[in-house]
Amino acid sequence: MKIATWNVNSIRQRQNLVLDWLKRNEPDLLLLQEIKCEAHQFPTEAFEAIGYTSHVVGQKSYNGVATLARAPAEVLARKLPGLSEEEPPARFLEIRTGSLTVGNLYLPNGNSGGPAGFARKMEFFDALARHAEAMLAEGTDFILAGDYNVCPTDKDLATGALPPTDALVHPESRAAFRRLLWLGLTDAVRALHPQETIYTFWDYQAGAFRRDMGLRIDHMLLSPRIAERLLTAEVDRDERGMEQPSDHVPVVITLS
DNA sequence: ATGGCTCATGTTATGAGA
């Protein structure tokens, strides 16, 4: 089984790139973040034509997540359980396919909106951890994947790529990510590549990709029984060199 | 030099992204 996650920074700008990538890689599931459109604007038919059903949580202008699946899937949640907001932004979608539950998430960046903006990032993390605890308690096999907007350690960003005060490297952000690891979840890429320099994002500005000034902020976290099935975990770095690319690249795992 | 780029928006500037 092959599962991928990709922050595409507007699906309407990236539709052909994503279609080409799907044809070449043929994952069973593709989790998209930052689709930046409402559900009715999502190119459902184009993906259906190559065998993928789209499950979409969208909103105008910002955010938005979608999960594409080749096999039948049931939508379990369209927002993160436990978040207090009445009209939450489109940042979470959970589906189940077979016996596997897959949460697709786009965590708030946390740099904008002042202290309140950073607090929303922490609230999202807290709700995510409690959701993971609940699923572990009931023995669910799951993956929580997407754009976490956290560089977990200093190894996960190029020197000087971010100011030390940035929300992506803030000690509270990193502690919140570690809390998920201490619950027993496995960071798939790090589990198989503990020492490598690996990035999933390069800014559009200042020749960041050319200079390899990247960040590793897109992650796939696996529950224990899924981690035992982990065969490969790779980042498709080449996708950043395409014409009009997203600033993020796909992260891909395979399971036995 | 907290932005050098890219995105969406009834736009011709602004906010968000990370």
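Within every chain, numbering begins at 1; the chains are lettered A, B, ... in the order of the sequence lines, protein sequences first and strands thereafter. These numbers were taken from a predicted model, which means no experiment stands behind them.
A/Asp247 has its CG atom 18 Å from the P atom of B/dG3, to the nearest Å. Note: NZ (A/Lys121) to P (B/dA16) measures 15 Å, nearest angstrom. Here the P atom of nucleotide B/dA16 and the CD atom of A/Glu34 are 13 Å apart, to the nearest Å. Rounded to whole Å, the distance from CE on A/Met213 to C1' on B/dG3 is 13 Å. Following rounding to the nearest Å, A/Leu107 (CG) and B/dG17 (C1') show an atom-to-atom distance of 14 Å. Taking atom CG on A/Asn63 and atom P on B/dA16, their separation rounds to 11 Å, with Å as the unit.
Remark: the separation of the C1' atoms in B/dG10 and B/dT14 is 14 Å, to the nearest Å. Only the P atoms considered, B/dG15 is 15 Å distant from B/dG4, to the nearest whole Å. Across B/dT12 and B/dA1, the matching C1' atoms stand 25 Å from one another, rounded to whole Å. Look at the C1' atom in both B/dT11 and B/dC7: the space between them is 13 Å, to the nearest Å.
Here A/Arg210 lies out of heavy-atom contact (under 4.0 Å) with every strand. In this structure, A/Asp147 reaches the sugar-phosphate backbone alone: every heavy-atom distance under 4.0 Å involves primed, P, OP1 or OP2 atoms, never a base. The residue A/Leu215 sits close only to the backbone: its heavy atoms come under 4.0 Å of sugar-phosphate atoms, none of a base. Residue contacts shown for A/Tyr148 are absent, as no nucleic acid heavy atom lies under 4.0 Å away. Among the atoms of the strands shown, only primed sugar atoms or phosphate atoms (P, OP1, OP2) are found under 4.0 Å from some heavy atom of A/Asn149.
Listed here is the closest heavy atom pair of A/Leu215 and A/Leu168: CD1-CD2, 3.9 Å. Scanning all heavy atoms of the two residues, the minimum distance from A/Arg120 to A/Pro108 falls at O-CG, 4.1 Å.
Taking side-chain N and O atoms only, A/Ser112 has a distance below 4.0 Å to OP1 or OP2 of B/dG17. A close approach under 4.0 Å does not occur between any side-chain nitrogen or oxygen of A/His248 and OP1 or OP2 of B/dG17.
Both the sub-6.0 Å distance and the 45° axial angle are not jointly satisfied by A/Arg216 relative to the ring of A/Tyr199.
None of A/Glu34, A/Gln33, A/Lys36 except one satisfies the side chain to side chain donor-acceptor pair (under 3.5 Å) rule with A/Asn9; the exception is A/Lys36.
Each of A/Pro163 and A/Pro108 has a nearest nucleotide on DNA chain B; the 5'-most of these lies closest to A/Pro163.
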Under 3.5 Å between N/O atoms: give me all the protein pairs with nucleotides 4-10 of chain B, atom names plus distance.
from: B/dC7; atom 1: OP1; to: A/Arg14; atom 2: NH1; distance (Å): 3.2
from: B/dC7; atom 1: OP1; to: A/Arg14; atom 2: NH2; distance (Å): 3.4
from: B/dC7; atom 1: O3'; to: A/Ser10; atom 2: OG; distance (Å): 3.3
from: B/dA8; atom 1: OP1; to: A/Ser10; atom 2: OG; distance (Å): 2.5
from: B/dA8; atom 1: OP2; to: A/Gln13; atom 2: NE2; distance (Å): 3.1
from: B/dG10; atom 1: OP1; to: A/Lys60; atom 2: NZ; distance (Å): 3.2

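In this pair, A/His219 and A/Phe177 present their aromatic rings tilted. The plane angle is within the 30 to 60° band. The aromatic rings of A/Phe92 and A/His131 lie perpendicular to each other, with more than 60° between the two planes, well past the 30° mark.
Aromatic ring centroids of A/Phe209 and A/Tyr204 lie 6.0 Å or more apart.
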Q: Would you check, one step at a time, whether the test side-chain contact (heavy atoms from CB on, under 4.5 Å) holds for A/Ile50 with A/Leu22?
A: CA-CA 9 Å; A/Ile50 61 168; A/Leu22 278 171; 3.9 Å; yes

